[in-house]
Number of protein chains: 2
Amino acid sequence: MTKGAPGVQSESASTSLRTRSQHQRRKRIVQAAAALASRGGVEAMQMRTVAERAGVALGTLYRYFPSKMDLVVAVVGEEIDLLEGSIERRPPTATTPSGRAVDVLMRATRGLMREPELADALIRSLIIAEVDTPLGDRMTGLLLRAAGHELSTETATEEQYALAGALASVWVHELLEMLRGRRTYEQIQRRIEIVATRLLADFPTPPSA
Amino acid sequence: MTKGAPGVQSESASTSLRTRSQHQRRKRIVQAAAALASRGGVEAMQMRTVAERAGVALGTLYRYFPSKMDLVVAVVGEEIDLLEGSIERRPPTATTPSGRAVDVLMRATRGLMREPELADALIRSLIIAEVDTPLGDRMTGLLLRAAGHELSTETATEEQYALAGALASVWVHELLEMLRGRRTYEQIQRRIEIVATRLLADFPTPPSA
DNA sequence: GGGCTCAGTAGAATGCGTTCTATTTCGGCG
DNA sequence: CGCCGAAATAGAACGCATTCTACTGAGCCC
């Protein structure tokens with residue numbers, strides 16, 4: 001994390017006028033970027049074009065997002081927020097840990113399938129990005145909470161964390177294969193089920209009341 | 001596969017003079033590329049520089065490798081050849097399927113660690129590349145043969161193939177984390193062991209004679 | 001032996017991410 | 001009120017992958 005970059009606002013005291021307008025600007029940029037990416041993928045999301053659409057100068061864009069990758073990561077972040085919200089609203093109902101994990105992953109898969117161009121760009125970048133808080137970790141966290149009873153990033157054992165992480169990375173890989181046209185949705189589901197049952201077999205389940 | 005690209009020689013009848021010199025050229029290019037990448041990673045491996053070092057014109061380089069990615073993939077291919085050779089010469093000796101798989105993967109890990117810059121470039125590209133024969137598949141094949149008794153890409157069940165593929169993708173992901181400095185060799189080993197024992201638990205073992 | 005084809009060459013041109021420069025705008029503070 | 005400094009702006013500049021152009025040379029077929 002470098003100095004006064006407005007990219008991530010460390011939610012401190014006063015939401016000053018300036019902070020607010022920065023927030024607006026940042027939001028507009030991400031929106032413009034997402035819109036462009038959803039038509040035509042990363043290549044359509046050119047920095048000049050994003051800046052133009054967002055109504056900011058190229059330099060300003062680069063102030064908020066020091067590289068194209070950072071911008072892409074921000075867009076992915078929004079998508080994950082959406083998924084997280086959806087899970088909170090309607091938690092997975094399956095009775096086994098692996099069932100719940102599969103539910104979460106396939107829901108995410110469907111979400112991404114809706115915007116293939118965007119998804120492709122985002123997933124690839126997600127893998128490559130050298131970000132401080134990699135987005136794969138967020139998926140791992142989601143999986144832990146969904147799959148294990150009373151489990152979270154904090155309470156999980158190292159082993160559980162490794163297993164959830166492994167499942168997340170398999171999912172990402174399968175998703176990539178789908179976007180390349182080498183998997184159907186059904187194949188992914190089958191493969192994820194196969195892997196999830198093996199990996200999450202001894203995750204804690206709620207006391208069957 | 002496009003038309004007359006000399007990149008991949010469809011090993012037909014006569015190794016004509018022309019074919020031979022093409023082969024030499026191709027080899028020189030890949031060597032130059034690998035040498036450059038092993039210092040300074042992908043960014044040091046600039047197309048102009050590769051061409052120069054290989055003693056060919058930029059246009060020629062692009063005739064053999066239509067994009068930088070194709071060149072990178074060729075370099076990765078060489079590395080996998082090396083690993084394959086090493087495994088044939090000295091097959092894994094562990095007694096369980098997962099033990100043998102871990103052996104193979106950790107051997108590959110050590111090989112790649114020796115040239116971190118190269119490895120980083122290669123692994124990333126390996127993930128992203130839109131190649132016809134993705135290199136991940138080759139790792140999956142290696143794992144199948146190493147882990148399962150009398151198993152190969154042809155004889156494996158769909159389930160076994162999915163499981164070996166999953167293990168390969170987890171390994172790639174862990175490797176990437178290592179190259180980013182977020183894992184040590186020991187952590188990877190531990191994680192791969194955890195995952196491999198779960199995934200390969202019911203792979204066929206030789207009749208304990 | 002002459003023309004055809006096509007690999008090869010040198011190098012200019014293009015596109016896009018990123019950086020740099022000079023200038024302007026504006027909120028806050030003495 | 002007037003000034004300071006951070007944030008914005010327009011736009012040029014730079015680097016590198018990729019593409020394009022015009023030319024040369026060597027094997028090959030009739």
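Throughout, a chain's letter reflects where its sequence line sits, starting with A, and its residues are numbered from 1.
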Check: Would you say B/Leu61 and B/Met47 make side-chain contact, with heavy atoms under 4.5 Å?
Finding: yes
Notebook entry, point to check: Should B/Tyr64 be listed as having a side-chain N or O under 4.0 Å from OP1 or OP2 of C/dG8?
Noted result: yes
Next item on the list: Check the distance between D/dT19's C1' and B/Phe65's CZ and give it to me in whole angstrom.
Entry: 19 Å
Checklist line | Selection from D/dA8, D/dT18, C/dG8 that lies nearest to any side-chain heavy atom of B/Tyr62 | finding: D/dT18
Next item on the list: Report the distance from atom CZ of A/Arg26 to atom C1' of D/dA8, rounded to the nearest whole Å.
Entry: 17 Å
Margin query: I want to check one thing: is the phosphate of C/dT19, taken as OP1 and OP2, less than 4.0 Å away from some side-chain N or O of A/Arg63?
Written below: no
Item checked: Phosphate-side-chain proximity, A/Arg25 and D/dA7, N/O vs OP1/OP2 below 4.0 Å -> no
Next item on the list: Using a strict cut-off of less than 4.0 Å between a Lys/Arg side-chain nitrogen and an Asp/Glu carboxylate oxygen, indicate whether A/Glu84 and A/Arg145 qualify as a salt bridge.
Entry: yes
Note to self: Rounded to whole Å, how long is the line connecting atom CE of B/Met69 with atom C1' of D/dC16?
What the structure shows: 15 Å
Checklist line | Nucleic acid contacts - residues 48-59 of chain B versus DNA chain C, non-hydrogen atoms under 4.0 Å | finding: B/Arg48, B/Gly55, B/Val56, B/Ala57
Next item on the list: Write down the atom of A/Glu159, the atom of B/Arg198, and the distance for their closest heavy-atom approach.
Entry: OE2-NH2, 2.6 Å
Checklist line | Gap between atoms CE and P, on B/Met47 and D/dT18 respectively (whole Å) | finding: 6 Å
Next item on the list: Starting at atom NZ of A/Lys68, determine the distance to atom C1' of C/dT18, rounded to an integer number of angstrom.
Entry: 12 Å
Next item on the list: Check the distance between D/dA17's C1' and B/Leu71's CG and give it to me in whole angstrom.
Entry: 12 Å
Check: Looking at D/dT9, C/dA7, C/dT18, which one has an atom nearest to any side-chain atom of A/Thr60?
Finding: D/dT9
Next item on the list: Let me know the distance between CG of A/Asp70 and P of C/dT18, rounded to the nearest Å.
Entry: 9 Å
Check: Nearest to the side chain of A/Ser67 - C/dT18, D/dA17, C/dG17?
Finding: C/dT18
Notebook entry, point to check: Would a distance-only check, ignoring hydrogens and angles, find a side-chain to backbone donor-acceptor pair under 3.5 Å from B/Thr109 to B/Leu105?
Noted result: yes
Notebook entry, point to check: Which whole-number value in Å describes the distance from A/Met45 CE to C/dG15 C1'?
Noted result: 17 Å
Item checked: Carboxylate-amine/guanidinium contact B/Arg138 B/Glu79, below 4.0 Å -> no
Item checked: Any donor-acceptor N or O pair under 3.5 Å, side chains A/Asp137, A/Thr140 -> no
Note to self: I'd like to know if the side chain of B/Thr60 pairs up with that of B/Arg25 as donor and acceptor (distance under 3.5 Å, no hydrogens or angles considered).
What the structure shows: no
